[in-house]
Amino acid sequence: MRGMNEIKTLTFIPIKIALIFIIFFQMIYFLQIKNSEIILSSSPQHKDEAIGYLQIPKIKMNLPFYSIHDKRNNVDQNIEVLPSSKEGRLVIAGHSGVGKVSFFNPLVKLEEEDKIYIIYKEQKYTYKVVEKYKEKKTGYIHIKENKNEKCLILTTCDQVNKEEQLIIRAILV
């Protein structure tokens, strides 16, 4: 009997070591938190992971975003990445007003020159706010931009006039 217990113990130790290694590796690879920045791995290990983060230090915003094809990529649950007809343009919409999904309420505090960061595929992209304007809500956004400009557009309902939408335009710096 003693010999059988020794065999079980010996085979159990390598399995424990392998499990510890796997758990440790996944923790290191999944998310690294350093200096309050979140860096997401380039390819999510789980389908539940965000593909990137929208960070706006001035308003203490740090929101995950999901692939355009992910069911959580909608303003009823999160912020929503919208399809764009131009390469180099990222458009993100979110709710303002009341409710638990009113993530974009603080956008009204943004001003020209404020910094916005997009964390995507282990890269941090820095944008600078260049314009803030409102327009009538029609289901479309009129984007004022230069031809070769790489830009980020954030849009939400205006908190004062629900018939209008607030648009923040930032350029990649």
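Since the structure is predicted, the reported quantities are computational estimates derived from the model, not experimental observations.
In summary, of the residues considered (T126, I59, L110), a side-chain contact (heavy atoms from CB on, under 4.5 Å) with I116 occurs for L110 alone. Here the options are I118, I168, L154, V173, the test is side-chain contact (heavy atoms from CB on, under 4.5 Å), and the partner is Y127; only I118 passes.
Cluster membership check: M61 shares its hydrophobic cluster with V129, using side-chain heavy-atom separations under 4.5 Å among Ile, Leu, Val, Met, Phe, Trp and Tyr.
Under the rule for a side-chain hydrogen bond (donor to acceptor under 3.5 Å, both in side chains), K137 has no partner lying at least two apart in sequence or in another chain. The side-chain hydrogen bond (donor to acceptor under 3.5 Å, both in side chains) check on H69 picks up nothing, with sequence neighbours excluded. Applying the side-chain hydrogen bond (donor to acceptor under 3.5 Å, both in side chains) criterion to T155, with sequence neighbours excluded, gives no partner residue. With sequence neighbours excluded, the residues forming a salt bridge (Lys or Arg N to Asp or Glu O under 4.0 Å) with K144 are E131, listed by chain and number. Legend: residues meeting salt bridge (Lys or Arg N to Asp or Glu O under 4.0 Å) with K115, ordered by chain and number and at least two apart, are absent. Partners of E164 by salt bridge (Lys or Arg N to Asp or Glu O under 4.0 Å), not counting sequence neighbours: none found. In this structure N105 satisfies the side-chain hydrogen bond (donor to acceptor under 3.5 Å, both in side chains) test together with Q159, sequence neighbours excluded. Residues meeting the salt bridge (Lys or Arg N to Asp or Glu O under 4.0 Å) test with E163, sequence neighbours left out: none.
Considering every non-hydrogen atom in both I141 and E135, the closest pair reads CA-OE2, 3.3 Å. Pairing each heavy atom of V91 with each of I143, the nearest pair is CG2-CD1, 4.4 Å. Between H142 and Y133, the shortest heavy-atom contact is O-OH, 2.6 Å.
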Audit row: E111, K58, side chain to side chain contact (heavy atoms under 4.5 Å, CB included) steps and yes/no: CA-CA 10 Å; E111 300 168 339; K58 179 178 183 176; 3.3 Å; yes
Worked check of side chain to side chain contact (heavy atoms under 4.5 Å, CB included) between Y66 and N74: CA-CA 9 Å; Y66 299 90; N74 70 71; over 6 Å; no
F104 and I92: CA distance, side-chain angles, deciding distance, side chain to side chain contact (heavy atoms under 4.5 Å, CB included) verdict: CA-CA 10 Å; F104 273 9; I92 302 177; 3.9 Å; yes
Side chain to side chain contact (heavy atoms under 4.5 Å, CB included) between I56 and L54, intermediate numbers included: CA-CA 7 Å; I56 309 175; L54 168 66; 4.3 Å; yes
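Hydrophobic clustering, defined by side-chain heavy atoms of Ile, Leu, Val, Met, Phe, Trp and Tyr closer than 4.5 Å, leaves V160 isolated from every other such residue. Residue V130 shares its hydrophobic cluster (ILVMFWY side chains chained together at separations under 4.5 Å) with I171.
Within 6.0 Å of NZ in K128 there are 12 or fewer heavy atoms belonging to other residues, nucleotides or ligands.
Taking CG of L107 as the reference point, atom CD1 of I167 lies at 11.5 Å (rounded to 0.5 Å). Atom SG of residue C157 and atom CG of residue L166 lie 10.0 Å apart, to the nearest 0.5 angstrom.
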Please list every donor-acceptor pair under 3.5 Å in which a side-chain atom of residues 77-89 meets a protein atom from a residue at least two apart or in another chain.
unit_1	atom_1	unit_2	atom_2	d
N78	ND2	R72	O	2.8
E80	OE1	V75	N	3.3
S84	OG	K86	N	3.2
S84	OG	K86	O	3.3
S84	OG	R89	NH1	3.4
K86	NZ	K147	O	3.3
K86	NZ	E149	O	2.6
R89	NE	E145	OE2	3.0
R89	NH2	E145	OE2	2.4

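Under the side chain to side chain donor-acceptor pair (under 3.5 Å) criterion, the residue pairs touching residues 94-103 are S96-T156, with sequence neighbours excluded.
At least one side-chain heavy atom of N62 sits under 4.5 Å from a side-chain heavy atom of Y53.
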